[in-house]
**Q** 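Pasting a structure here, questions to come.
Because the structure is a prediction, the values reported are computed rather than measured.
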Protein chains: 2
Amino acid sequence: MVSILLVDDHPMLRQGVAQLIEMEDGLTVVGEAGSGEQALLRAEELNPDMILLDLNMRDMDGIATLVALRERGVSACIMIFTVSDEHDDVVAALRAGADGYLLKDTEPEELLRSIVLASKGQPVYSPQLASVLASGVRDTRPDCGEMLARLTGREKQILRHISTGETNKTIARELNITEATVKVHVKNTLRKLALRSRVEAAVWVVENRLFE
Amino acid sequence: MVSILLVDDHPMLRQGVAQLIEMEDGLTVVGEAGSGEQALLRAEELNPDMILLDLNMRDMDGIATLVALRERGVSACIMIFTVSDEHDDVVAALRAGADGYLLKDTEPEELLRSIVLASKGQPVYSPQLASVLASGVRDTRPDCGEMLARLTGREKQILRHISTGETNKTIARELNITEATVKVHVKNTLRKLALRSRVEAAVWVVENRLFE
DNA sequence: GTGCTACTACTACCATGGTGGTAGTTTTCG
DNA sequence: CGAAAACTACCACCATGGTAGTAGTAGCAC
């Protein structure tokens, strides 16, 4: 069962989407939010599998909400669901870590199919965005520098050790802290970088030549 | 207690070295071999912590022995102990994975100190080799291509997956084999490449741009 | 045929890694 | 000053990774 949080400032639209989603086996709406603020609260409270996020909300920019969600470690699959097919919006969303981008004029069946696909980890984009995507924006992530800047000094230090293949134990020894503490830093680092393992972290560092 | 296997085709020299080693607390000679063939047998049989290996033996080249030892997964620290200070020999030994290189004219106390150091994982070289080492041969490893060539097709395939941060489970799924089989390949790959973890493997691949 | 290599699979075991939660200290900043 | 962030540490728990040994199958070479 895929749990979904709807974020949109139009109650009617939320209702429509919710109804549609509930009709599909395997999908369920566990919460709704009408603003960025509420989205942050609900996301942490409900820990949904997926968040459908509108970009154009009154109180808080959708992109800002997206960034805030990611920074708080919300691991949900975040799908943008909006009216805007503006190049800049799409790019910004992808850079901020969106897992998909659907336009609101998508047909209901298409929307459902996309949600199911996305819930399986596959990024989904509306076909209308092909031109934008093709122009090489595929790199879903923010700048490496930006990402690195989110880490504390200690975390960067430990990331560097990870990228040389060291174990938590040896890192602890070299930094004169306990392995437990190293684990804490590793965990926080992985969360902030939205990576799933130290191997991914090591590869990311080396590929982007981050400490050279 | 550091267990040592002596490999040299001169019994008298073996005896002398053995006696010297036994005088040192913490070191012990667990076996001797007078040829490359014997060295392979003894190494697998005794699984020593360290192997002192002569380069100039009648039946089998010392370098060949070294390579064969490494290919069979002998994890011992292998110290070359020989008369040759030829540039090519030193380079070949280092490339083949030697952990140290000592000349036979080394003073007894110096030899002991070196063995102790090496047993702690520190590579040790006779000072006379400074010029050779300085000329940039520090890279202990064979060519990446050479290393890769030692892997089977399946192993290379799996290494590529590792280098993208995948887990054994997902690799198994994608290749339609069981996780247990993936583990076998991972283990063999790590052994052949003399690496200690998949993280090191991933970093190695990315740093050397092996699959691009 | 015999022998060798590669590939597959399984078991069992232990080490390592990652998550969640709690919590005390110090540093930083408004 | 007080709040927030960073760093430290420990616990318990579960997932993943790595090692060792055994073993069956297929293909290839001598």
Side-chain angles (χ1 to χ4, degrees), chain A residues 40 44-47 49 68 71-76 148-204, chain B residues 40 43-47 68 71-76 148-204:
Chain A
L40 296 181
E44 298 202 313
E45 173 192 337
L46 303 168
N47 191 31
D49 298 321
E71 285 195 343
R72 293 181 189 207
V74 170
S75 62
L148 259 196
R150 293 183 195 166
L151 301 183
T152 67
R154 206 49 154 173
E155 287 162 354
K156 277 183 281 209
Q157 201 173 9
I158 279 171
L159 180 58
R160 193 162 52 236
H161 284 280
I162 289 178
S163 75
T164 65
E166 283 184 66
T167 64
N168 289 337
K169 197 178 303 229
T170 64
I171 296 174
R173 199 157 44 226
E174 283 174 40
L175 299 182
N176 283 313
I177 57 181
T178 68
E179 191 181 343
T181 303
V182 176
K183 280 186 172 188
V184 172
H185 292 310
V186 171
K187 188 179 25 153
N188 291 333
T189 302
L190 292 180
R191 182 173 51 67
K192 288 187 184 175
L193 301 180
L195 298 172
R196 277 169 300 186
S197 71
R198 68 199 294 111
V199 184
E200 287 193 355
V203 170
W204 181 70
Chain B
L40 296 182
E44 298 202 312
E45 173 192 336
L46 302 168
N47 191 29
E71 286 195 342
R72 292 181 189 208
V74 170
S75 62
L148 261 194
R150 291 184 196 164
L151 301 183
T152 67
R154 207 49 154 172
E155 286 163 355
K156 275 183 282 208
Q157 200 173 9
I158 279 172
L159 179 58
R160 192 161 54 234
H161 285 279
I162 289 179
S163 75
T164 65
E166 283 184 66
T167 65
N168 290 337
K169 197 177 304 229
T170 64
I171 297 174
R173 197 157 46 225
E174 284 176 39
L175 300 183
N176 283 314
I177 55 181
T178 68
E179 189 180 344
T181 303
V182 176
K183 280 185 172 189
V184 171
H185 292 311
V186 171
K187 185 174 38 143
N188 291 334
T189 302
L190 292 180
R191 182 171 53 67
K192 288 186 184 175
L193 300 180
L195 298 173
R196 278 168 301 184
S197 71
R198 70 200 293 106
V199 185
E200 288 192 355
V203 170
W204 182 70

**Q** What distance separates B:Asn168 CG from B:Arg173 CZ, expressed to the nearest 0.5 Å?
**A**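 Spacing of CG (B:Asn168) from CZ (B:Arg173) equals 12.0 Å.
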
**Q** Between atom CZ in A:Arg191 and atom P in D:dA5, what is the gap in whole Å?
**A**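 Atom CZ in A:Arg191 sits about 12 Å away from atom P in D:dA5.
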
**Q** Round to the nearest Å and state the distance from A:Leu159 atom CG to C:dG17 atom C1'.
**A**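 To the nearest whole Å, that distance equals 16 Å.
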
**Q** Only counting residues at least two apart or in another chain, list the ones meeting side chain to side chain donor-acceptor pair (under 3.5 Å) with B:Arg160.
**A**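 So B:Arg160 forms no side chain to side chain donor-acceptor pair (under 3.5 Å) with any residue.
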
**Q** Taking N or O atoms only and anything under 3.5 Å, show me the protein contacts with nucleotides 17-23 of chain D, one pair per line.
**A**
| residue | atom | partner | partner atom | Å |
| --- | --- | --- | --- | --- |
| D:dG17 | OP2 | B:Asn168 | N | 3.2 |
| D:dG18 | OP1 | B:Arg198 | N | 2.8 |
| D:dG18 | OP2 | B:Arg198 | NH1 | 2.9 |
| D:dG18 | N7 | B:Lys183 | NZ | 3.2 |
| D:dG18 | O6 | B:Lys183 | NZ | 2.7 |
| D:dA20 | N7 | B:Lys187 | NZ | 3.1 |

**Q** Side chains of B:Ile171 and B:His185: does their closest heavy-atom pair fall under 4.5 Å?
**A**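 No. Closest side-chain heavy atoms not under 4.5 Å.
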
**Q** Applying salt bridge (Lys or Arg N to Asp or Glu O under 4.0 Å), name anything that partners B:Lys192, two or more places apart in sequence or on another chain.
**A**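 With neighbours one apart ignored, the set is B:Glu155.
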
**Q** Partners of A:Thr189 by side chain to side chain donor-acceptor pair (under 3.5 Å), sequence neighbours excluded?
**A**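 A:Thr189 satisfies side chain to side chain donor-acceptor pair (under 3.5 Å) with no other residue.
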
**Q** Please report the interatomic distance NZ(A:Lys187) to NZ(A:Lys183), rounded to the nearest 0.5 Å.
**A**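 Answer rounded to 0.5 Å: 10.0 Å.
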
**Q** Using nucleotides 5-7 of chain C, report all nitrogen or oxygen pairs with the protein that are shorter than 3.5 Å.
**A**
| residue | atom | partner | partner atom | Å |
| --- | --- | --- | --- | --- |
| C:dC7 | OP1 | B:Arg154 | N | 3.2 |
| C:dC7 | OP2 | B:Thr152 | OG1 | 2.2 |

**Q** Once salt bridge (Lys or Arg N to Asp or Glu O under 4.0 Å) is applied, do any residues pair with A:Arg196, and if so which ones, sequence neighbours excluded?
**A**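 If we apply the salt bridge (Lys or Arg N to Asp or Glu O under 4.0 Å) test to A:Arg196, skipping adjacent residues, the hits are A:Glu200.
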
**Q** When rounded to the nearest 0.5 angstrom, what is the spacing between CG in B:Leu148 and CH2 in B:Trp204?
**A**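 Between B:Leu148 CG and B:Trp204 CH2, I get 4.5 Å after rounding to 0.5 Å.
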
